[in-house]
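Here the structure is laid out as structure tokens; the discussion comes afterwards.
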Amino acid sequence: MAAPMATVASLHSDHSRLFTLAGRPFRSVYPVLSRRSGGISVGINLNLDKGCNFDCIYCQVDRTVPGMEEKNFPLLESVMEEIGLLFQSVDSGEFFGDTVFGSLSPEFRVVKDIAFSGDGEPTLAPSFLEVSRAVRQFLSGRDWTGGTPPLLRLITNGSGLFSRETRLRTREIFLQEDPGEIWLKLDAADRERFAFINRSRISFERMMQGLDQVVADLPVTIQTMILDYGNPGEQGSFTAGRDLWDPLLERVSDWSRKGAQIRAWHLYSVARPPAVTGVRKVSADRLEAWAREAAALPFPVIVFP
Ligand code: SF4
């Protein structure tokens with residue numbers, strides 16, 4: 001029997017990092033039901049300290065509450081133990097029996113990906129390459145007979161990939177031989193809106209120069225969050241309009257013309273309440289109209305309103 005829509009909808013809007021299995025609270029691994037993955041996404045949080053060089057206006061991480069002191073925390077061991085326990089529980093059926101995911105209908109009862117995401121920028125975590133390599137080995141070492149192995153996915157603002165060495169290692173771990181993807185954030189392609197939306201410590205010029213290198217070297221799926229803020233006409237309000245969209249389309253088209261391997265472009269809006277109040281979801285119509293304008297690009301432009 002299909003899961004009640006309210007359950008699917010509530011799970012889509014609940015991306016809590018708090019997960020408990022058989023009474024054991026997890027620290028660094030958290031499964032969620034993901035719209036964009038199309039099933040269960042197993043998140044890995046390498047930023048228990050909530051460290052990020054962006055401060056996106058739509059971020060769900062509440063940084064008014066300090067993160068954890070990571071210095072002596074065995075992150076690699078924690079991630080690998082929790083990943084092992086989670087997949088054991090999927091194999092035994094306990095995962096879809098005793099957890100919040102128990103009410104899902106069969107089409108959602110599949111682990112689609114293991115995603116490096118979490119409470120900050122994963123590529124900035126000192127253990128990023130070490131942990132992602134270990135998780136890749138874990139996936140490669142399992143018997144997936146009768147099922148499809150989950151993708152290994154990196155969800156990133158790209159800044160840690162400005163290092164050529166990190167790009168090479170990331171390619172080896174995420175993209176060679178076994179299935180994997182890199183989802184790259186590009187919310188604005190002009191200085192003013194980049195400052196408003198991403199509130200980054202990195203300058204706009206450095207960011208665009210770095211992303212130019214990332215897309216030249218790595219196949220990516222581009223992720224663009226489109227939102228409004230405040231009430232139209234009020235001081236400080238923001239409406240996603242042509243001044244946001246035109247530079248975005250121009251930048252992505254330029255990357256494409258220069259030979260970037262862009263697999264897809266996701267246009268999405270707010271699904272869960274951000275930490276900042278006043279951020280508003282935009283209509284599906286607006287996203288779909290812009291996706292139609294981008295239809296000539298040689299990759300799919302997909303809308304997640
Ligand atoms: S890059 Fe991600 S974690 Fe960092 S502030 Fe933006 S949404 Fe939050």
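Numbering of ligands and ligand atoms starts at 1, following listing order. When reading the values below, keep in mind they use all heavy atoms of this one structure, side chains included, and skip hydrogens, waters and symmetry mates.
- Each protein N, O or S atom less than 2.8 Å from atom 6 (Fe) of ligand 1 was counted, giving 1.
- Hydrophobic clustering places Phe101 together with Phe26 (ILVMFWY residues linked when any side-chain heavy atoms are closer than 4.5 Å, directly or through intermediates).
- What you find for Asp243 and Asp190 is that their closest heavy atoms are O-OD1, 3.8 Å.
- For Arg63, every heavy-atom contact with ligand 1 shorter than 4.0 Å involves the side chain, none the backbone.
- Among residue pairs with one or both ends in residues 32-58, those qualifying as ring pair (Phe, Tyr, Trp, His ring centres under 6.0 Å) are Phe54-Phe194; sequence neighbours excluded.
- Scanning both residues, Leu154 and Thr170, for their nearest heavy atoms gives CD2-CG2, 3.9 Å.
- By the 4.0 Å N-to-carboxylate-O rule, Arg136 lies too far from Glu172 to be salt-bridged with it.
- Contact between Val276 and Ile57 at its shortest, heavy atoms only, is CB-O, 3.4 Å.
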